[in-house]
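What you see below is based on every heavy atom in this structure, not just the backbone, and it leaves out hydrogens, waters and symmetry mates. Numbering of ligands and ligand atoms starts at 1, following listing order.
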Amino acid sequence: MNEIKNNTVLSGVQPTGDLHIGNYLGAIKNFVSMQNNYNCFFCIVDLHAITVKQDPQILKKNTLEVAATYIASGIDPKKSIVFNQSSISAHAELAWIFNCVTRMGWLNRMTQFKDKAGKDKENASSGLFIYPNLMAADILIYKATHVPVGDDQKQHLELTRDIAQKFNRDFNCESFFPIPEPIIDKDISRIMSLKNGDQKMSKSDPSEYSRINLLDESDEIIKKIKKAKTADIVMPEKLQDVTKLSEINNLLNIYSGFSEIDKQKLITKYKGQNFSVFKSDLSDILVEQIKPITTEIKKLMQDKGYLQEILQDGRNRANEVAQKTINDVYDIVGLFRNET
Ligand code: TRP
C-alpha cells in the first residue's frame with residue numbers, strides 16, 4: 001500500500017556519553033517502529049549538549065556514536081532523516097525568535113532546569129535556561145505533529161505547544177505551526193536505576209551498576225542484572241501489587257520492553273518464585289537483543305566516513321524543509337532576508 005504520510009515525527013537524543021537501555025527503550029526503539037507510518041526526523045542534539053560543559057573531541061565522537069546507535073538499532077537512513085542539529089543553522093535562528101516569544105514566567109516553571117542547575121543556579125549557563133526554546137525550534141522548524149519523548153520531557157513539549165500557539169496568535173497566522181502531540185509510553189519511557197527504583201536510569205549516575213549501557217559486554221550485563229536490587233520476597237501475583245515495588249516493577253518494564261511480552265503474563269509466569277530464575281531469563285533476553293546492536297555500533301564506529309556521509313545526506317534533506325520554514329518565519333515576523 002502506498003499511503004501518503006501526512007504526519008511528521010521529530011525526536012532528538014543528546015550526544016552526551018554512553019547510551020543505556022533507558023535511552024533505547026524509552027526513545028530509539030520506538031523511533032524504529034515509527035519509520036513506516038510517519039515522515040521521520042531523528043536529530044542528534046549537539047547544541048543542547050553544550051548547555052553544560054563538554055570536551056570538544058569527545059563531543060564529536062559521541063555525536064557519531066549516537067548516529068551509529070540509531071543505525072545499529074534499525075533506523076534506516078534512507079527512510080528517515082538522520083542529522084545533527086548544529087549542521088542546520090535554522091534551528092538556532094528559530095530558537096532566537098522563540099526566545100522573544102516565550103515568557104520568562106514559562107521558563108521559570110521548568111522543573112528540568114531546576115534539577116540540572118541544582119543549588120548553583122547563578123552559575124548555570126543561560127543556554128541551559130533557554131534550552132526548551134531550542135527544543136521547540138527543533139520540533140517546529142519541521143512542523144512536526146508528533147514527538148516521541150520520555151516522561152521527563154513532557155513539560156518541555158507542553159511549552160512547545162504554548163510557543164506554537166502564541167506565535168500563531170501573535171502574528172495572526174492561524175495554524176502556521178501545528179500543535180505537536182507527545183507520544184509517551186508511560187511504562188517504558190521511565191526506565192529506572194537498577195539500584196534505586198525511584199531514580200531515573202541516568203548516564204550521570206556515578207554507579208555503573210545503576211544502568212546497562214548499549215556497549216556493555218554480555219558478562220557485564222549478566223553481572224549487573226544479578227546485582228540489581230529486588231526484595232526478599234517472591235514475585236507477587238497481581239499487577240497492582242507489583243506497581244508498589246519500584247525496583248521489581250522496573251525490571252518487569254525492562255523485561256516487557258525487550259521481549260514485548262505483556263507484564264501481567266510475565267507476572268503469571270514467575271509468580272511465587274524468588275527472583276533468580278526471573279533474573280537469569282531477563283539477562284538472557286537482554287544479551288540476545290543488545291549484543292547485535294553493540295556489535296553493529298562498534299563496527300560502524302570503525303567507519304567514521306560512512307557515518308559522516310549519513311549525517312551529510314540527512315543534513316541536505318532536513319535543510320530543505322528547515323529553510324522553507326525559517327524564510328516564512330522571517331517574513332511573518334517582519335525581518336528582511338536577502339535570498340541568495
Ligand atoms: N531534551 C531532550 C532530552 O534531553 C532532547 C531533545 C532536544 C529533544 N530536542 C528535542 C527531544 C526535540 C524531542 C524533540 O531528552
Side-chain angles (χ1 to χ4, degrees), residues 7-31 34 38-52 54 59 62-63 66-67 69-70 75 80-88 90-95 98-99 102 107 110-117 125 127-164 177-185 188-191 200-204 211 314 318 321-322 325:
N7 289 325
T8 298
V9 153
L10 176 129
S11 199
V13 170
Q14 293 200 44
T16 45
D18 292 343
L19 295 181
H20 52 66
I21 57 169
N23 306 115
Y24 177 74
L25 282 184
I28 301 171
K29 186 167 185 266
N30 302 329
F31 298 174
M34 289 174 172
Y38 297 89
N39 297 311
C40 291
F41 293 81
F42 297 122
C43 189
I44 303 157
V45 289
D46 46 8
L47 294 174
H48 277 114
I50 61 166
T51 55
V52 297
Q54 301 294 335
L59 179 61
N62 285 342
T63 298
V66 176
T69 306
Y70 279 164
I75 288 175
S80 299
I81 300 186
V82 174
F83 65 106
N84 64 306
Q85 185 186 31
S86 63
S87 73
I88 297 187
H91 286 240
E93 291 177 71
L94 185 59
F98 288 168
N99 289 342
T102 312
L107 289 175
M110 295 295 113
T111 55
Q112 185 169 298
F113 175 77
K114 290 176 197 156
D115 293 346
K116 282 201 177 173
S125 72
L128 192 64
F129 186 64
I130 55 172
Y131 173 120
N133 295 342
L134 178 60
M135 177 162 162
D138 298 338
I139 296 165
L140 295 173
I141 195 87
Y142 304 107
K143 300 191 174 174
T145 53
H146 294 82
V147 184
V149 278
D151 203 40
D152 61 324
Q153 296 299 312
K154 208 171 140 208
Q155 198 184 29
H156 289 161
L157 204 77
E158 274 155 18
L159 186 93
T160 302
R161 293 164 59 89
D162 290 341
I163 292 173
F177 284 127
I179 314 302
E181 296 286 338
I183 303 179
I184 298 175
D185 182 325
I188 57 174
S189 76
R190 258 183 99 68
I191 297 299
K200 237 190 112 177
M201 185 176 284
S202 159
K203 296 170 190 172
S204 49
R211 63 182 162 265
V321 184
T325 307

| task | Flag the pair Ser202 / Arg211 as yes when at least one side-chain heavy-atom distance between them is below 4.5 Å, and no otherwise. | result | no
| query | Which atoms of ligand 1 have any heavy atom of Val149 under 4.0 Å away? | reply | 13 (C)
| ligand 1 N/O within reach of Gln14 N/O, cut-off under 3.5 Å | yes
| Just which atoms of ligand 1 are under 4.0 Å from any heavy atom in Val147? | 13 (C), 14 (C)
| said: Can you name the atoms of ligand 1, numbered from 1 with element, that are less than 4.0 Å from a heavy atom of Ser11? | reply: 13 (C), 14 (C)
| message | For a 4.5 angstrom cut-off between non-hydrogen side-chain atoms, does Met110 reach Tyr131? | response | no
| request: Return the minimal non-hydrogen interatomic distance between Asn62 and Pro15, and the atom names on each side. | output: CB-O, 3.3 Å
| query | Does NZ belonging to Lys203 count more than 12 external heavy atoms closer than 6.0 Å? | reply | yes
| query | Which atoms of ligand 1 sit under 4.0 Å from any heavy atom of Asp138? | reply | 7 (C), 9 (N), 10 (C)
| Close-contact set for ligand 1 against Leu10 heavy atoms, below 4.0 Å | 12 (C), 14 (C)
| Which atoms of ligand 1 have any heavy atom of Tyr131 under 4.0 Å away? | 1 (N), 2 (C), 3 (C), 4 (O)
| said: What protein heavy atom lies closest to atom 5 (C) of ligand 1? Include the residue and the distance to one decimal. | reply: Gly12 O, 3.7 Å
| Does Asp138 reach the side chain of Thr160, with side-chain heavy atoms less than 4.5 Å apart? | no
| query | Taking it one step at a time, do Met135 and Gln153 satisfy side-chain contact (heavy atoms from CB on, under 4.5 Å)? | reply | CA-CA 10 Å; Met135 177 162 162; Gln153 296 299 312; 3.4 Å; yes
| So, is His156 polar-close to ligand 1, with some N/O to N/O distance under 3.5 Å? | no
| query | Parallel, tilted or perpendicular for Phe41 and Phe83, by the 30°/60° rule? | reply | perpendicular
| request: Provide the number and element of each atom of ligand 1 under 4.0 Å from a heavy atom of His48. | output: 7 (C), 9 (N)
